[in-house]
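Comments concern the structure below.
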Amino acid sequence: MRDWVGRWPLVGRGAELDSFAAALADRECRGFVVGGSAGVGKSRLAEECLGRASAAGFRVGRATASAAAGAVPLGAIAHLLPAGVDLSDPVAGFAAVAERLAAGPGRRRWVLLVDDMHLLDSASAVLLRQLMDTGVLLLIGTVRSGEPYGKAVTALRGGDAVHRVDLTVLSPEQIEELFQVALGGAVDRRSLHELSAASGGNVLYLRELVLGALTAGDLTEDGEIWHLAEGRLPATARLTEVIGTRLATADSAGRPVLELLALCEPLSLADAQDLAPPVVMAALEQAGLIRIMQDRRRTAVSLAHPLYGEVLRAGLPVLRRRTLLLDQAARVEARGARRRGDLLHIATWRLAATGTADPTLLTQAAVLSRHAHDYPQIVALLEALPEKHRTTATGLMLGHAYFELGRWDQAEAAIAQADAVAIGEQEKLAVALVRTLNLLWSNAPLSEALAVNDAALNRITSPAARRKLTINEGFMRIVAGQPAQGLTLLEDLETDVGDAPDVDVWLRGAWMKPFALALVGRTGEAATWAERAHAGHRKVDEHALVSHPAVQRIPLVLALTEAGLPDEARREGERTYSELVAADSVVRVWLAVFLGRTEWLAGRPATARRWWAEAAALARSFDHTMALRPVLGGLAACAAVLGDLDAAEASLAEHRTLPPLAPGLLSAGEERLGEAWLLAARGHLGRARSVLTAAALAARSTGHLTGEALLLTDVARLGGAKEVTDRLTALAQRCDGALAPARAQLAAALAADDPDQLLQAADACQAVGAQLLAAEAATAAAAAWRRAHQTRRASAAAHRAAAAPARCEGARTPLLTTAQSTAPLTDREREIALLAALGNASKDIAQALVLSVRTVDNHLHRAYAKLGVTTRRELAQTLRTPSPVPRPDHQHGRSETTTGG
């Protein structure tokens, strides 16, 4: 199991290590104490500090205090005392110890680590304080928060000469960093959320949870990202033992409260005190086993850590569990069940205790769960509903819950049951709306979903109901990649949810309309509609049978990106994604898709790859081909630009196995980014341009103007600027925002090969956050100035472009690698030079490009001259491609030092 079982890396403690470095450098400092709760990482930080002291030339030692050692004077540090010192007289003996310790080689100072310092006996504490005061040693001590200790240990911690840091639990960001280092790769956001929530940021608990999941095979890597199996979070025996020991410190009178909290937390203080008197509750809180929180007039009690509940539940016998649940349900009912969530809790407890509950109560509880977007709870409640009490409304609620969980087949079964009992136009309409939604997401062709919608239209005569189906058709056409047609159908959608006759239908149309507006280049309107839809959704959320309100902000990320505001899109997307992860909504897959696209356009391929890997893992988990197709193309493009050609090919190989579908929200053309950029990375620029040109035509045919502009920009970057400048200029006139004009300006500058225009284009691209485009423009400008023998200007442009690798996460593109020539390479020379630099023989290049070997050699000879190189190794180094293996070209009798193969 690699080195996961060993010591984990230390992350998120930079400030504390800086504090220790200052303490170590301060000759007046006598101690450095690390405080914090159990498992927070005190010992790990202290060990790192001790290691740094040793590396700095200090003499070091270590001791671990314990209750057993504390029963014997000097027991914890006896192994560190010099031999032969008589300690019968403490005053003289302690002085002798100090003298002997100070007399070592070079009279170097000691640094001593004492773990669990609060358990030291008084004699050890007194001796250590004397050694500190005489300057013989600097003490590093760890102290557990809330533990009692005597006056002697208090003295070790006191005084201005002792520095103290108190560790807190790790934040989700720090946990993500820890996983990146410990596992060697990123972890998807849902897994990160679950592990963070379960561990509470406690490093010890987190480590044991991860080791348990790795051992069980529940935490796995798909080649790009780590992800945890749904609903699986196994712990280790060590973790269960540690937590069990912690819980065993509770008085027996407090055990019933802990058990009830494990099943029903949070509890009101009144309910908790029915099982234990205030003095017992106070003791549990003092021991750090429970938390008591005041919220206005209500006082609530919960367990101090999420894992306490896991361990307690695992140890509860079935009958004890049943008794606790039923007693608590009766207790809340006796108080009148007046609070908002009481009905939900009563139904859940009775269902968990007996497997059944009153049907009316189950239905009411499911409605409350829907308001909370707790889809697993909805399923549990409505699956327990007896058959004779199931209605169209409960069936659709169940079907939509299954949809939100990505369980398409079960959703369709629930919808079919609802359809079987549906009566009248309104119920039939409701069934059609939910069914078309599920069909679209479950990889059914658009024609099948449209057929359901049309069948409903044929049965329904009410104008209001028919309009709802028209809005639904607009929604479906946009989802399936027909933004212009969808916009036409949504043209008269009310601008305020308060004016809409049907909340759910309005929210559906209002969610998709800004997507379409952004895709056709109307980014300002798109942003306005996305904000409007989100505000409307929040206002009516309690009455809506649709997804979490946060989904309405997904199109805002697309709109901000296409408007040339990637920083805003990134901030908005990150915040929204966290909301959707917490809600466990599968719709977040599309936010991951668009965040990856944002980062790709910003020129950050490694970050884009991270988001697209997240989207791919999620799409695979519930078989959502519509999202997986563009994501795999994006993954391949990122890997190719980063030089990971094997990973790029693996993504494309998976893409080829997917069934063909309607293009989805993004144009089908964008799926071909990976194919094009892998060809470019292998030097086949002409073929890459052909792929991108065909992809751009596909985007144009479906009305995806912003997608077309993206693809044509890449054609320009790969040597086809003259062919696409006019169309990009036309698109810039049709698309608002600053990104489209910056793209057109770049293409025009590349076509003209004018350094002034290129630098202006670099400024324009920089202004819209397109870092890689800006770097390419500046690099091309530097090359143009060099060819014009304008050395100073060339140096200035080159200096500007030099920061590109850091800003662009190591991206390698032909514009960055072939702009070093003293004269402009033609498109053909650039293509042949790249192929040769990758180790292809002249014969192979000629065959690939359908040219004669002599023609290839002539082009290569001119490229050598322009680049100032004489060998293929030099060519590879100049173009920053993997160097070819030196070998003679036996077919043509030339060695690698010639222009031949």
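Quick caveat, the model's predicted, so the values are computed rather than measured. Starting from 1, each residue takes its place in the sequence as its number.
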Closest non-hydrogen atom pair between A764 and Q745, with its separation = CB-OE1, 3.4 Å
SB check R538 D541 (cutoff 4.0 Å) = no
Output the distance between atom SG (C638) and atom CZ (R610), rounded to the nearest 0.5 Å.
-> 12.5 Å
Less than 4.0 Å between a side-chain N and a carboxylate O, is that true for E531 and R553?
-> yes
Around R792, counting heavy atoms of other residues, nucleotides and ligands shown, do more than 12 lie under 6.0 Å from its CZ?
-> no
Hey, mind stepping through L750 and L815 against side-chain contact (heavy atoms from CB on, under 4.5 Å) and telling me if it holds?
-> CA-CA 10 Å; L750 288 171; L815 266 178; 4.0 Å; yes
If only atom types and distance count, is the side chain of H704 paired as donor or acceptor with the main-chain N or O of L665 below 3.5 Å?
-> yes
Between L618 and E614, is any pair of side-chain heavy atoms under 4.5 Å apart?
-> no
Is R743 paired with E562 through a side-chain N to carboxylate O contact shorter than 4.0 Å?
-> yes
Does the side-chain contact (heavy atoms from CB on, under 4.5 Å) test come out yes or no for E177 and Q180, once each step is laid out?
-> CA-CA 5 Å; E177 180 186 355; Q180 183 74 45; 5.5 Å; no
Any Lys/Arg nitrogen of D763 or R800 sitting under 4.0 Å from an Asp/Glu carboxylate oxygen of the other?
-> yes
To the nearest 0.5 Å, how far apart are CG in D644 and CG in D646?
-> 6.5 Å
Work out which heavy atom in H534 is nearest to a heavy atom in P549; give both atom names and the distance.
-> CD2-O, 3.2 Å
Shortest non-hydrogen contact from A680 to L718?
-> CB-CD2, 3.9 Å
To the nearest 0.5 Å, how far apart are CE in M512 and CG in L490?
-> 9.5 Å
In Å, rounded to the nearest 0.5 Å, how long is the span from NE2 of H684 to CD1 of I832?
-> 12.0 Å
Sequence neighbours excluded, the answer for side chain to side chain donor-acceptor pair (under 3.5 Å) partners of H624 is W590
Side chains of F515 and P483 in contact at under 4.5 Å (non-hydrogen atoms) = no
Mind checking the CG-CG spacing from L773 to L601? Nearest 0.5 Å is all I need.
-> 8.0 Å
Tell me, please, which residues at least two apart from K539 pass side chain to side chain contact (heavy atoms under 4.5 Å, CB included).
-> D496, V497
Of all heavy-atom pairs linking W506 and A533, the shortest is CH2-CA, 4.1 Å
So CG of L731 and SG of C735: to nearest 0.5 Å the spacing works out to 5.5 Å
Is there a donor-acceptor pair closer than 3.5 Å between any side-chain N or O of Q771 and the backbone N or O of R807?
-> no
Heavy-atom side-chain contact between R672 and L711 under 4.5 Å | no
Sequence neighbours left out, what passes salt bridge (charged side-chain N to carboxylate O under 4.0 Å, His left out) with R570? Give chain and number order.
-> D567, E599
Does a side-chain heavy-atom distance below 4.5 Å link F594 with T561?
-> no
Determine the minimum heavy-atom distance between E670 and G707, stating which atoms define it.
-> OE2-CA, 3.3 Å
What's the verdict on side-chain contact (heavy atoms from CB on, under 4.5 Å) for E776 and T813, showing C-alpha distance, side-chain angles and the deciding distance?
-> CA-CA 8 Å; E776 290 175 332; T813 68; 2.6 Å; yes
Going by heavy atoms in the side chains, are L759 and P755 under 4.5 Å from each other?
-> no
State whether the side chain of W611 and the backbone N or O of V593 hold a donor-acceptor pair below 3.5 Å, judged by distance alone.
-> no
Residues in ring pair (Phe, Tyr, Trp, His ring centres under 6.0 Å) contact with H548, at least two apart in sequence or another chain | H373
Close side-chain approach of R508 to M476, heavy-atom, < 4.5 Å = no
How far apart are the closest heavy atoms of C808 and P605, and which atoms are they?
-> O-CD, 3.3 Å
Donor-acceptor under 3.5 Å (E809 side chain, T607 main chain) = yes
Pairing of R687 and E675 as salt bridge, 4.0 angstrom limit | no
Would you please name every residue forming a side chain to side chain contact (heavy atoms under 4.5 Å, CB included) with T528, sequence neighbours left out?
-> R532
Taking C-beta and beyond as the side chain, do Y577 and V557 meet within less than 4.5 Å on heavy atoms?
-> no
For the pair K513 (side chain) and W529 (backbone), establish whether a donor and an acceptor sit closer than 3.5 Å, ignoring hydrogens and angles.
-> no
Would you say R620 and H227 make side-chain contact, with heavy atoms under 4.5 Å?
-> no
For residues 691-701, run the donor-acceptor check on the side chains, cut-off 3.5 Å, and write out each pair with its distance to 0.1 Å, sequence neighbours left out.
| from | atom 1 | to | atom 2 | distance (Å) |
| --- | --- | --- | --- | --- |
| T693 | OG1 | R689 | O | 2.8 |
| S701 | OG | A698 | O | 2.6 |

Please step through side-chain contact (heavy atoms from CB on, under 4.5 Å) for the pair L772 and R717, ending with a clear verdict.
-> CA-CA 11 Å; L772 185 51; R717 297 166 66 195; 3.3 Å; yes
Passes side-chain hydrogen bond (donor to acceptor under 3.5 Å, both in side chains), S667 versus E708? Steps please.
-> CA-CA 8 Å; S667 77; E708 181 189 0; over 6 Å; no
Is the side chain of T706 donor-acceptor paired with the backbone N or O of L519 at a distance under 3.5 Å, no angle test?
-> yes
Output yes when R575 and E579 qualify as a salt bridge under the 4.0 Å nitrogen-oxygen rule, no when they do not.
-> no
